[in-house]
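Data first, discussion second: the structure below is written as structure tokens.
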There are 2 protein chains.
Amino acid sequence: MGGPTRDGQAHATPPSRRIAGELRRAILDGELVPGQRLPSERELASKHGTARNTARQAIAILQAEGLVDAQHGRGVFVRQPRMFLRVAHDRYARHHRDAGRPPFRTEAEAQGLVPRVEVRAIQQVPAPDWVAGQLTLGAGELVLRRRNRYLADEEPVELADTYVPLMIADGTSLMHEVPAVGGIYAALEQLGHRLARIDEQVTARMPLAEETEALALMAGVPVLELRHTSYDERGIAFEVTHSILPADRNALTFQLPVD
Amino acid sequence: MGGPTRDGQAHATPPSRRIAGELRRAILDGELVPGQRLPSERELASKHGTARNTARQAIAILQAEGLVDAQHGRGVFVRQPRMFLRVAHDRYARHHRDAGRPPFRTEAEAQGLVPRVEVRAIQQVPAPDWVAGQLTLGAGELVLRRRNRYLADEEPVELADTYVPLMIADGTSLMHEVPAVGGIYAALEQLGHRLARIDEQVTARMPLAEETEALALMAGVPVLELRHTSYDERGIAFEVTHSILPADRNALTFQLPVD
DNA sequence: AAGTGGTCTAGACCACTGC
DNA sequence: CAGTGGTCTAGACCACTTA
């Protein structure tokens with residue numbers, strides 16, 4: 001039994017939210033510090049005179065807010081601030097490419113992290129709508145898709161699907177696992193597609209189950225969704241990349257001149 | 001009773017996740033279209049031969065993923081794609097400012113939306129660490145803080161705290177509610193701070209309870225956190241803004257020359 | 001009034017962790 | 001083995017929406 005009005009208080013805050021509120025305040029005020037264990041579900045329940053499920057619901061609220069992290073068999077912990085990989089505004093600068101450093105490697109090494117790239121798949125697929133639009137292809141036309149996963153110090157920090165029109169990629173090193181020293185941008189440049197301008201669009205959402213697994217995401221962590229288009233000197237798009245980045249491990253920086 | 005191994009299948013997917021998986025597939029495959037109602041919790045439970053709480057847990061998973069939206073007394077619905085306000089790369093261009101159009105108004109009107117700005121507070125506060133760092137002030141030095149809420153067609157789309165050093169703002173129109181035609185950037189320019197370069201950093205996280213309310217956020221919607229710094233022609237920072245944007249209503253676009 | 005989601009209870013078994 | 005979180009059951013009352 002026991003809705004919020006059983007004691008005559010209409011619209012009173014339900015116990016689960018009250019417990020979550022108390023814990024949230026303790027975390028934000030620093031009474032509970034990052035890494036510290038919360039009382040167990042059973043302790044919280046008996047302390048507040050509720051069923052265990054009610055205390056559990058309170059924990060679920062905090063988990064959805066990204067404030068705590070439940071570990072099976074160990075306990076519930078205040079979340080630790082995580083390492084931040086800042087994707088700098090100049091990651092596509094030619095001087096890095098000329099030095100044989102692909103964008104991701106540039107970023108990771110600048111922060112003292114060990115980069116690793118996993119090639120998950122290299123396929124020919126029908127172009128998704130957004131890709132076809134950016135590359136001015138017919139809807140459903142075949143494109144090369146390279147699916148990569150990027151890790152810094154063996155922690156996954158990005159999933160990236162890169163699309164290149166077959167007219168450009170067919171028969172080139174792009175179809176193979178390791179396209180060239182310097183990454184695919186160096187390879188594309190050798191093919192005559194000199195990067196002159198990029199266009200990036202950023203939003204965020206909660207991860208799908210598949211992304212949660214591939215990025216080892218904890219509950220309550222959203223992902224950044226980055227859509228990137230590369231243009232050559234004639235203003236023609238020759239490559240697009242769709243990236244998914246854990247929001248707790250990534251911030252994107254941009255520096256723009258005005259006027 | 002009833003763990004996943006009761007039937008001898010060790011590590012089998014628990015019923016709640018199985019049900020969530022089926023519904024997720026139906027949504028992503030388009031069998032359930034945006035706006036459509038899902039079966040009720042009681043229907044799902046009886047159809048799958050589980051308790052109602054188990055079906056309810058499946059719904060909670062989809063809600064945390066931002067795929068569905070539960071409405072008390074009505075049902076659970078596949079979430080509608082929301083209107084997207086793209087914050088264009090040229091929102092700070094001088095020609096808008098010269099025409100008396102502040103950045104937000106420029107954006108909204110370009111998309112046929114009616115912009116409205118609520119000034120929530122104009123105060124002098126100690127500079128937060130990040131603000132002090134960007135403006136090269138002493139930690140805790142007083143700065144002007146203007147707290148705004150932005151609405152498009154009466155839907156909240158941004159919370160923004162703008163900080164200006166008191167040395168610049170004191171005694172000027174910036175201390176008043178409506179600083180000048182063209183917004184605070186026009187006012188700053190009249191004070192001799194000509195915008196030459198901006199620096200923006202983007203990340204995302206789940207909203208705090210206060211932000212959920214101020215932005216009328218639904219469950220499972222993260223916020224974009226945008227940190228913006230304005231530099232004049234001498235490379236001196238004269239203004240920073242900390243924005244919180246609902247991720248389901250905002251995408252940020254950037255266009256950058258390379259090299 | 002009927003149907004829906006929101007919350008709670010009291011109890012159970014499971015899987016995982018760590019002493 | 002004890003303690004923790006993960007999941008489930010079967011039932012209940014509440015608040016909200018719709019007809």
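Within every chain, numbering begins at 1; the chains are lettered A, B, ... in the order of the sequence lines, protein sequences first and strands thereafter. The analysis underlying the following values was restricted to heavy atoms, covering all of them including side chains, and did not include hydrogens, waters or symmetry mates. Worth saying up front: this structure is predicted, and the values here are computed from it rather than measured.
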Distance-only donor-acceptor test (3.5 Å): side chain A:Arg52, base D:dG6
yes
Should the side chain of A:Arg56 and the base of D:dG5 be counted as holding a donor-acceptor pair, with the cut-off at 3.5 Å?
no
Between B:Leu38 and B:Asn53, whichever has its closest DNA chain C nucleotide further toward 5' is B:Leu38
With nearest nucleotide decided by heavy atoms, which residue, A:Arg42 or B:Ser40, maps closer to the 5′ end of DNA chain C?
B:Ser40
So what does B:Glu43 hit on the nucleic acid, given a heavy-atom distance under 4.0 Å: a base, only sugar-phosphate, or nothing?
sugar-phosphate
Using a cut-off of 4.0 Å on non-hydrogen atoms, how would the nucleic acid contact of B:Arg18 be classed: base, sugar-phosphate, or nothing?
nothing
Starting at [atom1] of [X] and ending at [atom2] of [N], how long is that distance when rounded to a whole Å?
X: B:Gln36; N: C:dT4; atom1: CD; atom2: P; value: 15 Å
X: B:His72; N: C:dT4; atom1: NE2; atom2: P; value: 13 Å
X: B:Glu41; N: C:dG3; atom1: CD; atom2: C1'; value: 12 Å
X: A:Ile61; N: C:dC8; atom1: CD1; atom2: C1'; value: 13 Å
X: B:Ile59; N: C:dT7; atom1: CD1; atom2: C1'; value: 16 Å
X: B:His48; N: D:dC8; atom1: NE2; atom2: P; value: 12 Å
X: B:Arg17; N: D:dT7; atom1: CZ; atom2: P; value: 5 Å
X: B:Arg37; N: C:dG3; atom1: CZ; atom2: C1'; value: 9 Å

Does OP1 or OP2 of [N] have a side-chain N or O of [X] closer than 4.0 Å?
X: A:Thr50; N: C:dC8; value: no
X: B:Arg74; N: C:dG3; value: no
X: A:Thr54; N: C:dT7; value: no

Could you go through the salt bridge (Lys or Arg N to Asp or Glu O under 4.0 Å) check for B:Arg147 and B:Glu158 one step at a time?
CA-CA 11 Å; B:Arg147 317 200 81 170; B:Glu158 180 176 354; over 6 Å; no
Name the closest nucleotide to the A:Pro15 side chain, picking from C:dT7, D:dT7, D:dG5.
C:dT7
Counting only heavy atoms not in [X], do more than 12 fall under 6.0 Å of its [atom1]?
X: A:Glu210; atom1: CD; answer: no
X: A:Asp29; atom1: CG; answer: yes
X: B:Glu213; atom1: CD; answer: no

The single option from B:Val76, B:Leu38, B:Ile59 passing side chain to side chain contact (heavy atoms under 4.5 Å, CB included) against B:Leu44:
B:Ile59
